[in-house]
Amino acid sequence: MRYLDKSILEIHEALKRKEVTSKELIEEATERAKEVQEKCNAFVTILEDAKPVEEINTMLSGIPYGVKDNYSTKGILSTGSSNTLKDYVPFFTATAIENLNKQGAVMVNKTVLDELGMGGTGTTGHTGVVKNPWDTSRMCAGSSAGSACAVASGVYPYATASDSGDSIRKPAAYCGIVGYKPTYGMISRYGLFAYVSSLDHCGVFTRNVLDAAIVVDAMKGIDKNDMTSWDSSHIHLYDSIDGNVEGKKVCYIKEICDIENYPSANEELRKHLENFKKTIELAKELGMVVEEVHVDQTLLNAIASCYVVISCAEATSNMSNLTGFIFGPRGEGKNYIEMMKDYRTKGFSPLIKRRFVIGSYVLQKENKDRYFFNAQRVRRLLVDTWKKLYETYDAVLLPVGSGPAKKLEGSKEMLDENTQVLEEHLQVGNFGGFPSITIPNGFIEGLPVACNITSNCYNDSTALNIAYALESKMNYKNQIAKEAK
């Protein structure tokens, strides 16, 4: 029996009944990780010495899980999937991981990401490309590609991840699983490698909504080491989910969801938006009020550019400490300037260097108002627009991306202007720090697609409950990837 195909609750009950031991689960996870590594390249490190837990006193006790390799883990290689940190072994563990350890959770591997969290393809990690377990010719999206791939493949029931633009929610969609980014600061970012500090969220992948609530309940909490964290001890996500959404008001944005706005739409996009209409009907069957709303197209078109400017600027600043003196292999040169230049030139991929150039440019004194401050103004307009929606609606329901996972061959970093807003609208969840969850809602040619539910800050329970209710009307929870024929 493959216990790790099951939900956290089912595995927990099996452990309590002594049908299986923590040691056996770790062995199963390790064996499956090695199989997935050969097929999909999802891991930076597979731990051969993970210790089983004998006392099963929490829902996570004794259950294996994976950690995205931009979380600091004491004594365990933590690379951020970058050559600049390829040998870095931290002396402390991230608070979110410590909180899971206190619950008896068992870390069994570290997963691949796009280098330092920058990128949406899962193709820029220093250990190579992460392939989608449903179809290895396609990407998992990013940056949390390895964690999504591992959970979808059944290596374990959950893995930690981080989300600065859509880095949890887009890979969840491409891999047919649940991806949940809670309200900004609900989970401490202490020990998470900083990318865009004002946008970075810790979060989780699972294969059903209840499991996501269980894991975030364990990860969250105020932390003196993270001044942006807040006291969520009064919030009990798992206990708050009952599936009763009668009378809840949900909206979707016409400019994003109307096929008429995509004159060059391919068949995948048409099927994806038709499928989304079915999700809207399910929401109505559950007793929710679902209404179409309008958002200015010009403002929506600015989402991607706003994100690029802010993320590159903050990344340039946050990663200025990667010099080759504090972390990583020492560069070569006659003086510290030459050594630093050598280290950064050889260590960073072309994509990262390009983003640093953009970040440095928009932060220059003569450019700051035109680019960086204007991006901040656009961010405020977008957040205010969503906040206005939340005065009337409990959540915004939208499709994720323009269809199933994109092909690896021929993929490019440049955005398709025709579907740019569809691909990038999840970034608004980071601009506002909103709780946001992606759940699978169908298949196109054997490949999963998904919808997203985003609520106002601190209303995580509402977003999760709506997601849970929708999930209960569909047949996509707890699914394990089977490569499309």
For this session: With rounding to the nearest 0.5 Å, note down the distance linking CD1 in Ile480 to CG in Asn478.
Result: 7.5 Å

For this session: Mark yes or no for whether His425, through its side chain, and Pro399, through its backbone, hold a donor-acceptor pair below 3.5 Å.
Result: yes

For this session: Answer with yes or no after comparing the ring centroid distance for Phe431 and Trp386 against a 6.0 Å cut-off, counting only values under it.
Result: no

Exercise. Should the pair Glu409-Lys407 be classified as a salt bridge under the 4.0 Å nitrogen-to-oxygen rule?
Worked result: no

Exercise. Are the side chains of Lys346 and Glu332 in touch, meaning some heavy atoms are under 4.5 Å apart?
Worked result: yes

Exercise. Would you find a donor on one side and an acceptor on the other, under 3.5 Å apart, between the side chain of Asp231 and the backbone of Ile222?
Worked result: no

Problem set entry | Whether Gln37 side chain and Phe43 backbone form a donor-acceptor pair below 3.5 Å | yes

Exercise. Does a donor on one side chain sit under 3.5 Å from an acceptor on the other, for Asp114 and Thr124?
Worked result: yes

For this session: Would you indicate whether the side-chain heavy atoms of Asn70 and Ser162 approach each other to under 4.5 Å?
Result: yes

Seminar exercise, completed: Lys170 and Val400 have their tightest heavy-atom pair at CD-CG1, 4.1 Å

Problem set entry | Proximity of Tyr156 and Tyr65 rings by center, below 6.0 Å | no

Problem set entry | Candidate pair Met59 and Leu9, rule side chain to side chain contact (heavy atoms under 4.5 Å, CB included), full reasoning | CA-CA 7 Å; Met59 281 192 278; Leu9 285 174; 3.3 Å; yes

For this session: May I have the step-by-step check of side chain to side chain contact (heavy atoms under 4.5 Å, CB included) for Ile439 and Lys477, ending in yes or no?
Result: CA-CA 8 Å; Ile439 60 171; Lys477 70 176 182 179; over 6 Å; no

Exercise. Can you say whether the rings of Phe92 and Tyr190 are parallel (under 30°), tilted (30 to 60°) or perpendicular (over 60°)?
Worked result: tilted

Problem set entry | Exam field: side chain Lys131 to backbone Asn41, donor-acceptor pair closer than 3.5 Å | no

Exercise. Looking just at side-chain N and O atoms, do Ser188 and Asn225 make a donor-acceptor pair shorter than 3.5 Å?
Worked result: no

Problem set entry | Ion pair Lys16/Glu13, N-O distance below 4.0 Å | yes

Exercise. Under 6.0 Å from the CG atom of Asn321, do we count more than 12 heavy atoms belonging to anything else shown?
Worked result: yes

Exercise. So do Lys51 and Val106 actually touch side chain to side chain, heavy atoms under 4.5 Å?
Worked result: no

Problem set entry | Lys/Arg-Asp/Glu bridge criterion (N-O < 4.0 Å) met for Glu28, Arg32 | yes

Exercise. Does the side chain of Tyr174 come under 3.5 Å of the side chain of Lys406 through a donor N or O and an acceptor N or O?
Worked result: yes

Seminar exercise, completed: Separation between CD1 (Ile352) and CZ (Phe356), nearest 0.5 Å, reads 6.0 Å

For this session: Answer yes or no: is there a side-chain heavy-atom contact under 4.5 Å between Arg355 and Met319?
Result: no

For this session: Specify whether Tyr88 and Phe193 have parallel, tilted or perpendicular ring planes, treating 30° as the upper limit for parallel and 60° as the lower limit for perpendicular.
Result: tilted

For this session: Please answer whether the main-chain N or O of Asp200 pairs with a side-chain N or O of Lys181 as donor and acceptor at a distance below 3.5 Å.
Result: no

Exercise. Going from OG1 on Thr58 to CG on Asp217, what distance comes out if it is rounded to the nearest 0.5 angstrom?
Worked result: 11.5 Å

For this session: Provide the closest heavy-atom pair for Leu199 versus Ser164 in the form atom of the first, atom of the second, distance.
Result: CB-O, 3.5 Å

Exercise. Can a donor-acceptor pair be found between the side chains of Asn318 and Ser197 at a distance below 3.5 Å?
Worked result: yes

For this session: Could you verify whether a donor N or O on one side chain and an acceptor N or O on the other, from Asp211 and Ser7, lie under 3.5 Å apart?
Result: no

Problem set entry | Residues in ring-ring contact (aromatic ring centres under 6.0 Å, His included) contact with Phe325, at least two apart in sequence or another chain | none

Exercise. Among Thr45, Asp69, Thr73, which residue meets the side chain to side chain donor-acceptor pair (under 3.5 Å) test with Ser78?
Worked result: Thr73

Exercise. Can we say Glu27 and Lys23 salt-bridge, meaning some charged N sits less than 4.0 Å from an Asp/Glu carboxylate O?
Worked result: yes

Exercise. Side-chain contact, heavy-atom cut-off 4.5 Å: Asp163 with Leu426?
Worked result: no

For this session: Using modelled atom types only, decide if a donor and an acceptor are shared between the side chain of Asp460 and the backbone of Pro435 within a distance under 3.5 Å.
Result: no

Problem set entry | Point-to-point distance, once rounded to the nearest 0.5 Å, from CD1 of Ile97 to OG1 of Thr160 | 4.0 Å

Exercise. Does one side chain, of Thr95 or Asp223, offer a donor that lies under 3.5 Å from an acceptor on the other?
Worked result: yes

Problem set entry | Lys220 atom NZ, neighbour heavy-atom count above 12 within 6.0 Å | yes

Seminar exercise, completed: Looking only at heavy atoms, the pair that brings Val112 and Gly128 closest together is CG1-O, 4.3 Å

Seminar exercise, completed: So CD1 of Ile241 and CD of Glu471: to nearest 0.5 Å the spacing works out to 9.0 Å

Exercise. Just checking, is any N or O donor in the side chain of Asn465 or Asp242 under 3.5 Å from an acceptor N or O on the other one?
Worked result: yes

Exercise. Are the side chains of Pro404 and Glu445 in touch, meaning some heavy atoms are under 4.5 Å apart?
Worked result: no

For this session: Kindly indicate, with the supporting measurements, whether the criterion side chain to side chain contact (heavy atoms under 4.5 Å, CB included) is fulfilled by Val209 and Tyr180.
Result: CA-CA 9 Å; Val209 174; Tyr180 169 38; over 6 Å; no

Problem set entry | Pairwise distance OG(Ser153) to NZ(Lys39) - rounded to 0.5 angstrom | 6.0 Å

Exercise. In terms of side-chain heavy atoms, does Ser144 have a donor or acceptor partner in Lys68 at a distance below 3.5 Å?
Worked result: yes

For this session: Please report the closest heavy-atom contact between Leu322 and Tyr343, naming both atoms and the distance.
Result: O-CE2, 3.3 Å

For this session: Looking only at non-hydrogen atoms, find the nearest pair between His12 and Ile63 and report the distance.
Result: N-CD1, 4.2 Å

Problem set entry | Smallest separation among heavy atoms of Met219 and Asn99, with atom names | O-ND2, 2.9 Å

For this session: For Thr79 and Leu85, indicate whether the former's side chain and the latter's backbone hold a donor-acceptor pair under 3.5 Å.
Result: no

For this session: Give a yes or no on whether the backbone of Asp342 and the side-chain of Thr345 come within a donor-acceptor separation of less than 3.5 Å.
Result: no

Exercise. Will you find, in the side chains of Asn441 and Asn275, an N or O donor that is under 3.5 Å from an N or O acceptor?
Worked result: yes

Exercise. Is a side-chain donor or acceptor of Ser22 paired with a backbone partner of Gly62 at a separation under 3.5 angstrom?
Worked result: yes

Exercise. Considering only heavy atoms from C-beta outward, does the side chain of Lys34 approach that of Ile46 to under 4.5 Å?
Worked result: yes

For this session: For atom NZ of Lys278, decide whether the heavy atoms of other residues, nucleotides or ligands shown that lie under 6.0 angstrom number more than 12.
Result: no

Problem set entry | Under 3.5 Å: donor-acceptor pair, side chain of Thr183, backbone of Tyr458 | yes

Problem set entry | Flag side-chain contact, heavy atom, 4.5 Å: Ile444 against Leu447 | no

Exercise. So Ser147 and Val151, side chain to side chain contact (heavy atoms under 4.5 Å, CB included) or not? Walk me through it.
Worked result: CA-CA 6 Å; Ser147 285; Val151 172; 5.7 Å; no

